[in-house]
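Each remark here refers to the structure printed beneath this line.
Convention: sequence-line order gives letters A, B, ...; per-chain numbering from 1.
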Amino acid sequence: MAEEKLPTRAENFADWYNDLVLKAELADYSPVRGCMVVRPYGWTLWENIQGQLDRRFKDTGHVNAAFPLFIPMSFLEKEKEHVKGFAPELAVVTHGGGEKLEEPLVVRPTSETIIGYMYSKWIKSWRDLPVLINQWGNVVRWELRTKLFLRTAEFYWQEGHTAHATEQEAREETLRMLDVYTDFAVNEAAVPVIKGIKSETEKFAGAVMSTTIEAMMQDTKALQSGTSHFLGQNFAKAFEIQFTNQNNELEFCYTTSWGLSTRMIGAIIMTHGDDQGLILPPRLAPIQMVLVPIYKNDAEKASVMEVTNRIWQELKAAGIRIKVDDREGVTPGFKYNDWEMRGVPLRMEIGPKDVEKGSVALARRDKPGREGKSFVSQENIAATVSEMLVNIQAALLERATAMRDSHIHDPKDYEELKQVVQGGWAFSYWCESKACEAKVKEDTKASTRCIPIDGQPEHVGTCIVCGAKAKRKVYFAKAY
RNA sequence: CGGGGUGUAGCGCAGUUGGCAGCGCACCGCGUUUGGGACGCGGGGGCCGGCGGUUCAAGUCCGCCCACCCCGACCA
């Protein structure tokens with residue numbers, strides 16, 4: 001049961017986040033350092049995320065499969081950049097069945113290698129392509145500093161792995177899946193994101209090009225919320241994923257990979273939550289509406305519960321995820337706070353006065369106090385509730401977008417850039433040199449987040465750091 | 001892995017010159033309550049992070065170790 005208040009976001013955003021995750025019962029610390037236990041409420045949220053993504057993957061022609069947790073160490077070593085990137089954070093199994101293993105097994109940090117190996121077995125002809133497979137699973141990366149959902153040693157995600165005959169097709173796939181993520185984030189999670197391309201230093205180990213969706217949290221830090229990589233022929237060459245083309249010539253495939261993890265839950269928390277607790281977007285919320293019956297004695301209870309049950313049936317039949325909080329011995333006020341902590345988007349109260357008047361009270365989670373409260377007729381209640389959930393979903397996206405846009409700046413010089421990244425993002429011309437990127441990081445702790453795909457200026461400009469000619473603009477921001 | 005901090009009931013903490021291990025919340029029982037975090041009465045719960053030392057006596061003093069948290073370097 002949730003109890004007591006959270007620290008405010010202004011006081012201490014990090015503590016607010018941690019406390020909220022625990023008190024809303026999304027997750028808990030595990031006895032294993034850096035790992036988390038996802039509790040039923042958090043997992044149901046993840047299942048809803050999975051459902052929406054999986055639907056989109058199937059709609060774009062992908063199928064699911066499952067690959068093993070263990071990967072031979074030698075597989076990782078086959079792609080030079082890949083192993084360099086992941087070596088420091090690998091968990092390695094050296095023993096099995098009481099015997100030392102001949103070759104150590106890596107607990108997968110991602111599955112490009114083992115899937116590449118399998119693809120080389122499965123792909124022979126251009127007729128076998130494209131291969132469009134997704135896997136839902138867990139991976140392990142031995143992180144030094146962890147934070148629930150945002151960075152844990154083990155996390156849950158999906159990883160899509162595709163193989164194509166041509167570079168163009170693989171590049172299109174990379175961007176198609178980035179669009180899927182964008183559509184999901186914006187329209188299901190109500191998290192506004194900017195899609196763009198990662199710099200050379202920020203890209204995935206082994207990729208030719210990494211793309212990302214970046215979201216701004218309420219502390220203005222950036223959160224990479226999903227990534228899609230064009231891997232070129234790097235993994236195809238490492239694992240000999242080859243096919244015979246229509247001219248009977250042997251060619252290497254072009255591959256992609258793309259992933260979105262339980263980190264998205266962190267994005268939702270830090271995008272929408274307030275000082276009362278979590279606020280969940282209705283489309284993903286495990287419980288969309290909680291119904292609190294109110295009564296003083298048995299007579300009132302009988303009449304209130306009659307109406308409560310009728311409305312419960314009606315809303316359930318309309319497909320609304322609803323819970324009746326009929327706990328005895330806790331006051332309605334306690335229940336309000338309890339469900340607000342858990343972020344349930346809408347609350348309905350039914351008391352003796354409502355029974356009398358044929359009304360119910362509705363309270364929107366996104367608008368605290370009187371502003372979010374309304375009294376509506378019991379007539380057509382399913383339509384009223386559905387409409388309100390749609391409105392809440394839209395209001396969350398609108399509020400988050402306004403917050404983000406008001407914290408993106410276009411600094412006029414480097415001095416101003418150093419200022420703005422302390423409390424927002426800078427959108428500036430950049431010459432795309434590692435030196436300038438490193439200088440910003442050194443001076444401000446802000447890194448390049450992405451070169452956005454949309455919204456690039458028509459004209460060339462000058463790099464905000466060194467003044468050299470720059471074709472494109474990039475976002476600089478502190479990041480999680 | 002460097003710097004700082006904290007370890008006492010599920011959580012948050014107090015514990016004086018070393019002298020019976022406590023408080024608040026939570027939990028259990030009974031009763032009264034219930035439209036914004038109710039109240040009364042009763043109750044259960046401890047390897048005081050671990051190991052060693054000093055002492056008649058250690059939560060308290062000393063040494064070593066461990067764990068976790070925060071800040072840095074690395075990251076979905």
Side-chain angles (χ1 to χ4, degrees), chain A residues 1-7 12 14-15 18-19 22-23 28-34 84-90 109-110 138-159 181 198 201-205 207 210 212-215 222-229 257-267 276-277 292-298 300-301 304 325-341 347-357 359-361 363 368-370 372-373 375 441-442 445 447 479-480:
Chain A
M1 210 186 307
E3 80 283 342
E4 293 180 18
K5 290 201 166 82
L6 296 167
N12 189 332
D15 282 354
N18 268 326
D19 247 46
L22 297 173
K23 287 191 172 136
D28 203 350
Y29 292 106
S30 90
V32 180
R33 193 194 122 75
K84 206 162 80 187
F86 281 106
E89 50 187 41
L90 293 178
T110 180
N138 56 339
V139 288
V140 169
R141 298 178 188 179
W142 212 261
E143 298 289 350
L144 299 176
R145 265 187 78 190
T146 60
K147 199 164 166 128
L148 295 168
F149 289 117
L150 299 180
R151 186 176 305 106
T152 45
E154 179 191 24
F155 60 89
Y156 302 88
W157 75 343
Q158 59 66 218
E159 46 180 324
Y181 287 154
K198 283 288 185 191
T201 48
E202 297 282 333
K203 79 179 185 189
F204 176 76
S210 283
T212 174
I213 50 171
E214 296 283 326
L223 184 71
Q224 178 175 314
S225 306
T227 48
S228 182
H229 313 290
S257 68
W258 26 276
L260 186 146
S261 74
T262 37
R263 175 180 265 192
M264 178 53 81
I265 293 176
Q276 293 301 310
V292 180
I294 294 153
Y295 45 81
K296 288 189 176 64
N297 51 53
D298 284 350
E300 284 183 0
K301 179 178 174 180
V304 163
D325 187 353
D326 55 1
R327 282 179 290 179
E328 303 277 353
V330 276
T331 61
F334 182 90
K335 292 178 182 176
Y336 300 166
N337 285 285
D338 198 26
W339 293 109
E340 280 167 11
M341 181 69 80
R347 181 180 75 237
M348 181 183 287
E349 303 161 24
I350 299 178
K353 287 180 220 162
D354 298 302
V355 173
E356 200 180 306
K357 291 191 230 165
S359 63
V360 298
R370 196 158 294 168
K373 203 142 177 179
F375 300 89
K441 184 130 195 202
E442 173 74 25
K445 308 243 191 318
S447 53
Y480 276 98

| Residues A:Glu349, A:Lys335; criterion salt bridge (Lys or Arg N to Asp or Glu O under 4.0 Å); working and verdict | CA-CA 11 Å; A:Glu349 303 161 24; A:Lys335 292 178 182 176; over 6 Å; no
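Residue A:Asn297 is out of contact with every strand shown, counting any heavy-atom pair closer than 4.0 Å.
Nearest to the side-chain atoms of A:Lys373 among the listed nucleotides B:G36, B:A76, B:G35 stands B:G36. Set against B:G36, B:C70, B:G35, the side chain of A:Arg347 has B:G36 as its closest nucleotide. Relative to the side chain of A:Asn18, the nucleotides B:C70, B:G35, B:A76 differ in distance, and B:C70 lies closest. Among the nucleotides B:G35, B:G37, B:A76, the one closest to any side-chain atom of A:Arg263 is B:A76. The side chain of A:Lys445 lies closest to B:A73 when the candidates are B:A73, B:G36, B:G35. The nucleotide whose nearest atom lies closest to any side-chain atom of A:Thr152 is, among B:G35, B:A76, B:G37, B:A76. Here the side chain of A:Thr331 is nearest to one of B:A76, B:G36, B:A38, namely B:A38. In this structure, the nucleotide among B:A73, B:A76, B:G35 sitting nearest to the side chain of A:Ser261 is B:A76. The side chain of A:Glu143 has B:A76 as its nearest neighbour among B:G35, B:A76, B:G36. Closest to the side chain of A:Tyr336, out of B:G36, B:A38, B:U34, is B:G36.
Pairing of B:G10, defined by two Watson-Crick or G-U wobble distances under 3.5 Å, is identified with B:C25. Nucleotide B:G40 forms a Watson-Crick or G-U wobble pair with B:C30, both donor-acceptor distances falling under 3.5 Å. When Watson-Crick and G-U wobble pairs are counted only if both distances are under 3.5 Å, B:C47 pairs with no nucleotide at all.
Ring geometry for A:Phe204 against A:His229 counts as parallel: the plane angle stays under 30°, on a 0 to 90° scale with 60° as the upper cut.
Comparing A:Ala361 and A:Ala14 against RNA chain B, the residue whose closest nucleotide sits nearer the 5' end is A:Ala361. Remark on RNA chain B: of its neighbouring residues A:Val355 and A:Phe204, the 5'-side contact belongs to A:Val355, judged by nearest-heavy-atom nucleotide.
Side chains of A:Glu300 and A:Val355 form no contact here, defined as non-hydrogen atoms less than 4.5 Å apart. For the pair A:Val304 and A:Pro352, the minimum side-chain heavy-atom distance is below 4.5 Å.
Only the C1' atoms considered, B:G72 is 40 Å distant from B:G37, to the nearest whole Å. Using atom C1' as the reference point in both B:C27 and B:G44, the two lie 9 Å apart (nearest Å). Spacing of C1' atoms, B:C13 relative to B:C51, comes out at 27 Å, to the nearest Å. Rounded to whole Å, the separation between the C1' atoms of B:C48 and B:U8 comes to 4 Å. Distance noted for atom P between B:C25 and B:G42: 14 Å (whole Å). Between B:G46 and B:G40, the distance separating the two C1' atoms is 28 Å to the nearest Å.
Here the C1' atom of nucleotide B:G35 and the CZ atom of A:Phe334 are 17 Å apart, to the nearest Å. In this structure, the OH atom of A:Tyr156 is 20 Å from the P atom of B:A76, given to the nearest Å.
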